[in-house]
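Below, each value reflects all heavy atoms present in this structure, side chains not excepted, and no hydrogens, waters or symmetry copies.
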Amino acid sequence: MKQPKPALFPGQACLRSSPLVKRYGFGIHHNKDKKVALFPIESKEYQDFLNDTSVTKTKAMRSKRK
């Protein structure tokens, strides 16, 4: 029997809305294998990702509507 693909439920928040990104100063990186890594913004790895033009950057989500 074929396993169904996992679905994203509306009640689940994505990592872009996490306080880790918005309040505590971490960057989140997803690789092609869907693995996730957290980097503090003062780390060399974060700066390397920030300066790498081949990496797509996406801003954190706002908490409130304007």
Are Met61 and Val21 side-chain neighbours, meaning at least one heavy-atom pair lies under 4.5 Å? no
Those residues at least two apart in sequence (or on a different chain) that pass salt bridge (Lys or Arg N to Asp or Glu O under 4.0 Å) with Lys32 are none
By side chain to side chain contact (heavy atoms under 4.5 Å, CB included), Thr58 pairs with (sequence neighbours left out) Arg16, Thr56
side-chain hydrogen bond (donor to acceptor under 3.5 Å, both in side chains) pairs touching residues 36-50, sequence neighbours excluded, are Lys44-Asp48
By side chain to side chain contact (heavy atoms under 4.5 Å, CB included), Leu20 pairs with (sequence neighbours left out) Ser18, Phe26, Leu38
| message | With a 4.5 Å cut-off on side-chain heavy-atom distances among I, L, V, M, F, W and Y, is there a chain of contacts connecting Val36 to Tyr24? | response | yes
Residue pairs passing the salt bridge (Lys or Arg N to Asp or Glu O under 4.0 Å) test with at least one member in residues 50-60, sequence neighbours excluded, are none
Are Leu50 and Phe39 connected in a single hydrophobic cluster, I mean Ile/Leu/Val/Met/Phe/Trp/Tyr linked by side-chain heavy atoms less than 4.5 Å apart?
-> yes
His29 meets the ring pair (Phe, Tyr, Trp, His ring centres under 6.0 Å) criterion, sequence neighbours left out, with Phe49
